[in-house]
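Just below is one structure, and these are the notes that go with it.
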Amino acid sequence: MAVNLKYLCGRFYLILFYCMRSILHKKIDYEIRMREGACKLLAACSQRDQALEASKSLLTCNARIMAYMSELQRMKEAQVMQRVARRSSDAGPMDDRSPCKGKVAISGMFTEKNSGKLHRCAVFCLLQLGGEIFDTDMVMVDRTLTDICFDNTIVFNEACPGFELRVELYSCCSEEDYSAGSTPRKLASKLSSSLGRSAGKKMRAALEPGACSPTSNGGGATILLPVPSAPGPKYHLLAHTTLNVSHVQDSFRTHDLTITGNEECSYWLPLYGGVCCRLAAQPQCMTQQMMSGCLRVKVCCKHMHSLTSISYFSISVCFG
C-alpha cells in the first residue's frame, strides 16, 4: 500500500511538472510575439511618446522572458531534488508539509527628487516577485516636479513566505528627437531611386532596421533581443531596492534606494535616495480552505467505580 502511494504521488508531481512547464512555454511564446511587435513599433513610430511607450514595453517583455526561463530552470532543479528525496525516503519518513503561498500588494509608490537643473525624463517602475513581473505607468519628470508618484496598485498572487520583491526605477531622457526612426527609410528611398531598382532594393534591405536579432542568455537557450543600433529611446536602471515580509506594514513606509546612475548620465535624476509605499500581504489560508476532514480521537478514562472505557468521536477540522 505504501509503495503504491509513493508511486501515485510521484506520478502526480510529474504530471503537475509537465503542465506547469507547458504553461510557462506558452507564456514565453506570447512575450516573444509581444516583443516582436514592440520592436516593429519602435522602429516605425515617429512621435516621442509612442517611442517611449514602445521602448518601455520592449524592456518589460525582455524581463518577463528572462523571469520565465529562470522559473523553468528552478522547476527542473526542484524535480531533480525531489527524485533524490524520494530515493532517500526509504531510510525514514518525509515531511511533506510546506507553508502556503499568499498575495502581496504594493501601492502608493512615490519618490522625491531635488528641483535643480536636469533633463526632462520619462520614468517608470518595474516590479518582480518570482516569475511575476509588472510595470507602472510612465511618468514625465522635469525640474518643476518634486514628487514622482506611481498610482498603480500591483498585486502578486503567488508569493511564498520568503518572497523578495525587487523594485527597479528606470529613466530615459525625453529631450532627444525620436523622429529619427524614419531617417533610414528616407535615406533608403533616395538611394533606391538614384542607384536603380536592383541595387536600390539591396541598399534598402541593408538600411531597414531589423526587428530582432538572436542572442544567447548564457544558459543555452536563444532569446531574440532588439538590434542594439535600432533607433529609439533607451531606458536605463536608475535605482532599485528589494522588499520582503519584514517590510509589510499597515501604513506607508520609506525604503532606501540603491542609486546606479550619476550626474554624467543623460537619464540622471537627483533623487533623495528613498521610495515610499505601502506593502501588504495576505496568506491564502485566510481566504481559502486549505484542509478538511475527520479527526478521530481515542479517549481513555478511568473512573473510580467503573472499568476503563474507550469512546470514539469525530471532529470536522477546517483551516480557513
Side-chain angles (χ1 to χ4, degrees), residues 6-39 56-89 94-104 106 125-135 154-170 211-228 235-237 240-245 258 260 281 283-284:
K6 287 183 180 180
Y7 174 77
L8 291 175
C9 289
R11 294 293 296 177
F12 171 77
Y13 284 119
L14 186 62
I15 294 173
L16 183 63
F17 168 78
Y18 284 122
C19 290
M20 293 180 66
R21 188 178 68 173
S22 176
I23 292 173
L24 283 175
H25 278 299
K26 289 180 180 179
K27 288 183 177 181
I28 291 175
D29 292 339
Y30 174 78
E31 292 299 332
I32 288 177
R33 292 194 300 270
M34 292 293 292
R35 183 173 58 185
E36 290 174 352
C39 287
K56 171 175 169 286
S57 299
L58 189 59
L59 190 150
T60 304
C61 290
N62 283 333
R64 283 176 178 159
I65 291 173
M66 296 301 296
Y68 293 152
M69 295 190 68
S70 299
E71 197 74 14
L72 279 174
Q73 184 63 30
R74 283 193 292 268
M75 286 174 55
K76 293 178 182 178
E77 293 175 357
Q79 187 188 29
V80 173
M81 295 299 295
Q82 194 173 36
R83 288 177 180 174
V84 174
R86 281 203 302 267
R87 290 171 184 171
S88 61
S89 64
M94 291 179 58
D95 189 0
D96 294 331
R97 295 176 300 174
S98 60
C100 68
K101 295 184 178 181
K103 292 183 179 181
V104 171
I106 183 171
C125 278
L126 191 73
L127 302 99
Q128 178 176 0
L129 195 157
E132 295 182 280
I133 293 181
F134 296 96
D135 57 350
I154 297 174
V155 180
F156 299 90
N157 296 308
E158 296 293 329
C160 297
F163 72 87
E164 289 188 348
L165 171 56
R166 182 173 172 85
V167 181
E168 297 179 340
L169 182 65
Y170 285 89
C212 297
S213 65
T215 183
S216 174
N217 71 334
T222 299
I223 297 179
L224 294 177
L225 293 177
V227 177
Y235 281 94
H236 302 272
L237 180 62
H240 64 87
T241 187
T242 302
L243 309 178
N244 52 45
V245 69
T258 301
T260 58
Q284 290 178 352

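In terms of heavy atoms, A67 sits closest to G130 at CB-O, 4.3 Å.
Atom-to-atom distance recorded for Y235:OH and D135:CG is 10.0 Å, nearest 0.5 angstrom. Remark: M66 CE to I28 CD1 distance equals 10.0 Å, nearest 0.5 Å. To the nearest 0.5 Å, atom OG1 of residue T60 and atom CD1 of residue I133 are 8.0 Å apart. To the nearest 0.5 Å, atom CG of residue L24 and atom OH of residue Y68 are 8.0 Å apart. E71 CD to I23 CD1: the interatomic distance, rounded to the nearest 0.5 Å, is 11.5 Å. Put simply, CG on L72 and CZ on R21 are 8.0 Å apart, with the number rounded to the nearest 0.5 Å.
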Listed pairs under 3.5 Å, donor-acceptor, residues 154-166 side chains, sequence neighbours left out:
| unit_1 | atom_1 | unit_2 | atom_2 | d |
| --- | --- | --- | --- | --- |
| R166 | NE | E168 | OE2 | 2.5 |
| R166 | NH1 | H240 | ND1 | 3.4 |
| R166 | NH2 | E168 | OE2 | 3.3 |

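Of the possible polar contacts, one joining the T260 side chain to the L237 backbone as a donor-acceptor pair under 3.5 Å is found.
Under a cut-off of 6.0 angstrom, the local environment of CE in M75 is crowded, with over 12 non-hydrogen atoms contributed by other residues, nucleotides or ligands.
Applying the side chain to side chain donor-acceptor pair (under 3.5 Å) test to R33 and every residue at least two apart in sequence or in another chain returns nothing.
The shortest side-chain heavy-atom distance between R35 and I32 falls under the 4.5 Å cut-off.
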